[in-house]
Amino acid sequence: MRRFEVSCCAVHPFTCEIEPMMLFSDYPRRFCDMLDYYKKYFSFMNIVGAEVFVLHGHKGVPNSNKEVFCERYMKLREAGKEFGINVAVENVSRCLSGSVSYLKDISKMLSDDISFVLDTKQAVRSGENPFDYISALGNKISHVHISDNSEIGDCLLIGKGRFNIRKFLSELYKISPDISVVLELYNGCFTGVSDLTNSFNILDNMIKGIEAKETK
């Protein structure tokens, strides 16, 4: 990171797939064990300067107890705050968090004490419009995973789909110019480093253009 002057804004844990079992089961002791483990992530984040911790959350069923989710989330969030870390819930299609209505419900239950990670491809996979998450969650969005999409795929290189990325970024900027945006493409969605750098440069130029326009 020092060599290439790169900053790290967020950390995505490899344990996300076992979060339903470890964080949201009926075994409080298991949750406590995992909470201690997650503090190791927070400590690592302090080393690399990351501030947003990405949480997938619970899978369950649509009528899963939202009170339990909020209770466990708040304990994790409070632990993160001790390290200066913002624990944020990501909209993931295979989880309860994929639903805009679910996120609106827990957001209302926790008032201002919750943050979100908005993933555009996961929104499409959930059958939701990425713009609806902006409308529903507003300034509680602190981090974004972005890619293009169209009828041929939901995780495309920037400029290879039909998603109005410039408008999307503009709406995010109106909420907060401090929201961090990361180009996230799955392994089979690009062929080499040049694809990533080209998409990054397009995205970077869009953001700089929006910043210049909004600060005039």
Side-chain angles (χ1 to χ4, degrees), residues 10-42 44-45 50 52-81 85-138 140-147 149 153-155 180 182 184-189:
V11 164
H12 196 305
F14 77 93
T15 47
C16 59
E17 279 302 302
I18 60 173
E19 285 172 355
M21 178 181 69
M22 299 303 293
L23 297 176
F24 302 103
S25 72
D26 294 329
Y27 294 88
R29 187 169 144 189
R30 182 187 291 164
F31 169 80
C32 291
D33 288 343
M34 199 61 171
L35 185 61
D36 285 339
Y37 189 86
Y38 270 38
K39 290 178 182 178
K40 296 181 180 180
Y41 287 130
F42 302 154
F44 164 75
M45 292 172 70
V52 177
F53 181 81
V54 183
L55 179 73
H56 280 192
H58 196 20
K59 290 184 179 178
V61 292
N63 63 348
S64 291
N65 194 315
K66 295 185 180 73
E67 286 76 13
V68 171
F69 175 88
C70 290
E71 175 198 350
R72 303 287 174 82
Y73 169 76
M74 280 307 302
K75 289 180 179 179
L76 189 61
R77 185 169 173 83
E78 289 301 319
K81 287 180 180 179
I85 300 302
N86 176 15
V87 178
V89 182
E90 182 180 19
N91 62 300
V92 180
S93 61
R94 61 183 177 277
C95 298
L96 296 173
S97 59
S99 163
V100 172
S101 61
Y102 183 86
L103 296 184
K104 285 175 67 176
D105 286 347
I106 61 173
S107 177
K108 184 177 181 180
M109 291 169 68
L110 293 172
S111 189
D112 292 330
D113 208 0
I114 187 169
S115 297
F116 296 100
V117 176
L118 172 51
D119 188 311
T120 58
K121 86 183 83 58
Q122 291 294 333
V124 175
R125 292 185 179 191
S126 298
E128 305 272 12
N129 187 327
F131 286 93
D132 290 342
Y133 290 89
I134 296 178
S135 301
L137 308 176
K140 295 177 183 178
I141 299 171
S142 56
H143 184 58
V144 172
H145 295 165
I146 197 167
S147 57
N149 64 78
D154 54 26
C155 184
S180 53
V182 169
E184 185 180 82
L185 295 169
Y186 296 146
N187 191 45
C189 302

Strictly by salt bridge (Lys or Arg N to Asp or Glu O under 4.0 Å), give each pair with a member in residues 21-38 just once, sequence neighbours left out.
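Sorted result for residues 21-38: Asp36-Lys39.
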Heavy atoms from other residues, nucleotides or ligands near OH of Tyr186 exceed 12 (cutoff 6.0 Å):
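Counting other residues, nucleotides and ligands, OH of Tyr186 exceeds 12 neighbours.
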CZ (Phe44) with more than 12 external heavy atoms under 6.0 Å:
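Open.
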Between Thr15 and Tyr41, a side-chain donor and acceptor under 3.5 Å
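Present: a donor and an acceptor within the cut-off.
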Euclidean distance, [Y] [atom2] relative to [X] [atom1], rounded to 0.5 Å:
X	Y	atom1	atom2	value
Tyr102	Lys66	OH	NZ	6.5 Å
Met34	Met21	CE	CE	8.0 Å
Glu71	Phe24	CD	CZ	10.5 Å
Cys32	Leu23	SG	CG	10.5 Å
Tyr73	Ile114	OH	CD1	4.5 Å
Lys104	Lys140	NZ	NZ	11.5 Å

Could you give the side-chain donor-acceptor pairs of residues 85-92 under 3.5 Å, partners two or more places apart or in another chain?
unit_1, atom_1, unit_2, atom_2, d
Asn86, OD1, Arg77, NH1, 3.0
Asn86, OD1, Ser115, OG, 2.9
Asn86, ND2, Ser115, OG, 3.4
Asn86, ND2, Ser142, OG, 3.3
Glu90, OE1, His56, NE2, 3.2
Glu90, OE2, His145, ND1, 3.0
Asn91, OD1, Asp119, N, 2.7
Asn91, ND2, Asp119, O, 3.1

Does Tyr133 have its ring centroid less than 6.0 Å away from the ring centroid of Phe116?
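Distance test on ring centres: not under 6.0 Å, no.
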Any Arg125 side-chain heavy atom under 4.5 Å of Arg94 side chain:
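Not touching, per the 4.5 Å side-chain cut-off.
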Note, Leu137 side chain near Leu118 side chain (heavy atom, < 4.5 Å):
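They are not in side-chain contact.
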Heavy-atom pair of closest approach, residues Glu128 and Ser99:
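Nearest pair, atom of Glu128 first, then Ser99: OE2-CA, 3.8 Å.
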Closest heavy-atom contact between Met74 and Leu110?
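Of all heavy-atom pairs spanning Met74 and Leu110, the closest is CG-CD2, 3.6 Å.
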If we ignore hydrogens and angles and just use 3.5 Å, is the side chain of Ser147 paired with the main-chain N or O of Leu185 as donor and acceptor?
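Checking the backbone N and O of Leu185 against the side chain of Ser147, no donor-acceptor pair under 3.5 Å is found.
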Answer yes or no: is there an ion pair linking Lys75 with Glu78, defined by an N-O contact shorter than 4.0 Å?
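No, Lys75 and Glu78 are not salt-bridged.
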Electrostatic pair Glu19:Arg72 at N-O distance under 4.0 angstrom:
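No, no charged N to carboxylate O under 4.0 Å.
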